[in-house]
Participant: 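Before I ask anything, here is the structure I am working with.
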Protein chains: 2
Amino acid sequence: MPVKTLLWDKVDTETLPSIAEKLNNALREHSLIIIVCRCAINYAGRSRSILPEGDRVIMVKTNGSVLVHRPFGYSPVNWQPETSFVKFEADGDLLRMIAVRDSPREVLEANIQSIHTVMIVSGMRDEAKFTMYVSEKEVKDVIEEFPEIIEPGLKILEREKRVEDGIIDFLARDSKGRTVVIEVKDERAGIDAGKQLLRYVKALSKTGGEVRGILVAPGFSKGLIEFLERNGLEKVRYDQQRMLKLLDKVSEKQASKHPTLEEFIRRG
Amino acid sequence: MPVKTLLWDKVDTETLPSIAEKLNNALREHSLIIIVCRCAINYAGRSRSILPEGDRVIMVKTNGSVLVHRPFGYSPVNWQPETSFVKFEADGDLLRMIAVRDSPREVLEANIQSIHTVMIVSGMRDEAKFTMYVSEKEVKDVIEEFPEIIEPGLKILEREKRVEDGIIDFLARDSKGRTVVIEVKDERAGIDAGKQLLRYVKALSKTGGEVRGILVAPGFSKGLIEFLERNGLEKVRYDQQRMLKLLDKVSEKQASKHPTLEEFIRRG
DNA sequence: ATTTCAATGTCGCCT
DNA sequence: AGGCGACGTTGAAAT
């Protein structure tokens, strides 16, 4: 089913009840609706607000969520999250949109005085997976350059050291001379990451001396946190923002510039 | 200048460079642009993200802020706040939109494979003042019912008591038997509110005994805070959400129901 | 369903 | 510009 757009530029040739009916049909079919209009907005629920008459863009998405955008600003001035029930109705000279949501009970009302344009879009398909992205390699670049973000006094001995069992991300030494195994993840880490780290720590422990294991990740599953505590392993959380800032500094130092958007895309 | 809408339903009859030019003209004129299209989105800045091909709504607002909406969900999947620079360019079979923002440096790129619809809206006027709303009367209703939200042990003696100088919102007595003058504001309070309160306190002090003055408001200006401290007056901040919840309880008690949206609008 | 925690949070006010 | 706090926060994961 291809994307089909229904456009109205000359809404004034239609009666309001007929317009309301078409819009309600569009809602039933879960089409996306965009209305450019002059309207006043009232909201009552978690808070309450009034917005007198002005030109706005109203968007009703396929799940029934509603956004009211003023021409300026970034965020919607009023909205209704997706658990809403929406309907249009003609009331004298007004076209009214009412969007209701339960738990919490909230009502959004748009009193539309004049309609500039209506767009109804059906058949939109969007199956794509949205992914936030900082590569594991980049996180490692930062750690190699700034091992102190793991802990003060940490010295990196080797990066990507091969052992029988796999590849240790970092082999390091702490300020008290103890060996440290560091495992780096670019996503929220699960129990597997903990097991992997434990294997490396046990393997190195055989060669003698105390060995610490630190898991570095942007987040940790609940099960993993327990696992780490149970096995005397440690964790260090990083956030993307900080990592990206440090990555800039790494690039400056290495004169291999911070990857541009194009490079970033090429890498996938 | 009336709102003017330019619509394209059959964009395929135009060449990409011509479309890009029209869109760039619209940007120059600070028109609002809505594009329904099949596109892939890349973002790099405070974080980074990739979103492969799918049908989306792209909105560029008059201040250059950009929103990319999937057909579902409530919040935009990608965005760029208003300090952005935006341009469109044709690149082979693609129409590309690039939105750049400085401080922090951020780049949003939309690679548009096929355009379903383009809407360009110029001349939108929206001067209205958006106001969040809990009426002073309602705040007073809550305080009358629950004076303990001001401070434990407070007893209300009179509401809206006329004095020579004006009307005191509440005359009360604290747990130590001292007279308390309470002034209520429904908006962020400025220095005037403090002066008003001081007048009442001074007037009542003449009749003998220690008189406290408390200003109750959702917020206080910096100058006011200094003024209150200088004059030995007190302040109690409330937040709308809490007030609304308490207002529900007041309504239950009073059997004068929580006002509906309609009542709320009628009141203005 | 509820609670907790992070976020490209956003937004506003203040230093 | 940077820091702090509130928000109709939103959103995801865990209980």
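Because only heavy atoms are used, hydrogens play no part in the values below, and waters and symmetry mates are left out as well, while side chains stay in. Throughout, protein chains are lettered first and strands after them, A, B, ... in sequence-line order, and every chain is numbered starting at 1.
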Participant: Scan for side-chain hydrogen bond (donor to acceptor under 3.5 Å, both in side chains) pairs involving residues 227-237 of chain B, sequence neighbours excluded, and state none if there are none.
Facilitator: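 Listed by first then second residue: B/R212-B/E234.
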Participant: Roughly, in whole Å, what's the span from CD in B/E82 to P in C/dG9?
Facilitator: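 Result: 16 Å.
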Participant: Taking atom P in both C/dT10 and D/dA12, compute the distance separating them and give it to the nearest angstrom.
Facilitator: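 Result for the P pair: 16 Å, nearest Å.
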Participant: Can you tell me how far C1' in D/dC7 sits from the matching atom in C/dA6, rounded to whole Å?
Facilitator: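 The answer is 15 Å between these two C1' atoms.
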Participant: Taking the minimum atom-to-atom distance to the side chain of B/R188, which one of C/dC13, D/dG8, D/dC7 wins?
Facilitator: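 Of all the options, the side chain of B/R188 is nearest to C/dC13.
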Participant: Using a heavy-atom cut-off of 4.0 Å across all strands, would you classify A/S103 as base, sugar-phosphate, or nothing?
Facilitator: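 Result for A/S103 = nothing.
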Participant: Think B/R105 has a side-chain N or O under 4.0 angstrom from the OP1 or OP2 of C/dT8?
Facilitator: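 Checking B/R105 against C/dT8: no side-chain N or O falls below 4.0 Å of OP1 or OP2.
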Participant: For A/R46 and D/dT10, is the shortest distance between a side-chain N/O and OP1 or OP2 below 4.0 Å?
Facilitator: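 It does, given that an N or O in the side chain of A/R46 lies less than 4.0 Å from OP1 or OP2 of D/dT10.
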Participant: Could you tell me the separation between the NE2 atom of A/H69 and the C1' atom of C/dT10, rounded to a whole number of Å?
Facilitator: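 Rounding to the nearest Å, NE2 of A/H69 and C1' of C/dT10 are 13 Å apart.
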Participant: If you look at every strand shown and take non-hydrogen atoms under 4.0 Å, does B/E106 touch a base, only sugar-phosphate, or nothing?
Facilitator: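 Counting heavy atoms under 4.0 Å across all strands, the contact made by B/E106 includes a base.
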Participant: What distance, rounded to whole Å, do you find between the two C1' atoms, one in C/dT8 and one in D/dA14?
Facilitator: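 Here C/dT8 and D/dA14 have their C1' atoms 25 Å from each other.
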Participant: Does a donor on one side chain and an acceptor on the other come within less than 3.5 Å for A/Y43 and A/E106?
Facilitator: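 Indeed, the side chains of A/Y43 and A/E106 share at least one donor-acceptor pair under 3.5 Å.
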Participant: Between A/Q80 and A/F220, just flag the one whose closest nucleotide in DNA chain D comes earlier from the 5' side.
Facilitator: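 Mapping each residue to its closest nucleotide by heavy atoms, the 5'-most match is A/Q80.
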Participant: Rounding to an integer number of Å, can you tell me how far B/L224 CG sits from C/dC13 C1'?
Facilitator: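 Computing the B/L224:CG to C/dC13:C1' distance gives 14 Å.
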Participant: A/S49 and A/N42: side-chain donor and acceptor closer than 3.5 Å?
Facilitator: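 Distance-only check fails for A/S49 and A/N42.
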Participant: Hey, does A/P104 reach any base, or is it just sugar-phosphate, or nothing, if we go heavy atoms under 4.0 Å?
Facilitator: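 The residue A/P104 makes no contact with any strand.
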Participant: In whole angstroms, how far is the C1' atom of C/dA7 from the CG atom of A/L244?
Facilitator: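 For the pair A/L244 CG and C/dA7 C1', the rounded distance is 14 Å.
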Participant: Name the closest nucleotide to the B/R237 side chain, picking from D/dA6, D/dT10, D/dA14.
Facilitator: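 Nearest listed nucleotide: D/dA6.
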Participant: Calculate the interatomic distance between A/E187 atom CD and C/dA7 atom P; express it in whole Å.
Facilitator: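 One finds 14 Å between P of C/dA7 and CD of A/E187, rounded.
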Participant: Mapping A/S75 and A/P218 to their closest nucleotides on DNA chain C, which lands nearer the 5' end?
Facilitator: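 Here A/P218 is the residue nearer the 5' end.
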Participant: Could you work out which one of D/dT10, C/dC11, D/dT15 sits closest to the side chain of A/K222?
Facilitator: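 In terms of side-chain proximity for A/K222, the closest of D/dT10, C/dC11, D/dT15 is D/dT15.
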Participant: Can you find a side-chain donor-acceptor pair between B/N111 and B/Q113 that sits under 3.5 Å?
Facilitator: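 Not at all, the side chains of B/N111 and B/Q113 share no donor-acceptor pair under 3.5 Å.
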Participant: Using heavy atoms to find the nearest nucleotide of DNA chain D for B/D239 and B/G73 separately, return the residue whose nucleotide is more 5′.
Facilitator: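 Counting from the 5' end, the first nearest nucleotide belongs to B/D239.
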Participant: In this structure, how many angstroms lie between the P atom of D/dC7 and the CZ atom of A/R48, rounded?
Facilitator: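 Those two atoms, CZ and P, are 16 Å apart.
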Participant: Within the structure shown, what part of the strands sits under 4.0 Å from A/M132 by heavy-atom distance: base, sugar-phosphate, or nothing?
Facilitator: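 Since a base atom lies under 4.0 Å of A/M132, the category is base.
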Participant: Does B/R242 come within less than 4.0 Å of B/D239, counting only side-chain N to carboxylate O?
Facilitator: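 Judged by the 4.0 Å cut-off on N to carboxylate O distance, B/R242 and B/D239 do not form a salt bridge.
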Participant: With centres under 5.5 Å and planes under 30°, do B/Y43 and C/dT8 count as stacked?
Facilitator: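 Check passed, B/Y43 stacks on base of C/dT8.
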Participant: When all nucleic acid strands are considered with a 4.0 Å heavy-atom cut-off, which category describes A/F130: base, sugar-phosphate, or nothing?
Facilitator: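 The answer is base, as A/F130 lies within the cut-off (heavy atoms under 4.0 Å) of a base atom.
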Participant: Starting from P on C/dG9, measure out to CD on A/Q240 and report it in whole angstrom.
Facilitator: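 A/Q240 atom CD is separated from C/dG9 atom P by 9 Å.
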Participant: What is the distance, rounded to the nearest whole Å, between atom CH2 of A/W79 and atom P of D/dT9?
Facilitator: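 Value for this atom pair: 8 Å.
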Participant: Is A/E127 salt-bridged to A/R125, cutoff N-O under 4.0 Å?
Facilitator: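 Salt bridge between A/E127 and A/R125, a charged N being under 4.0 Å from a carboxylate O: yes.
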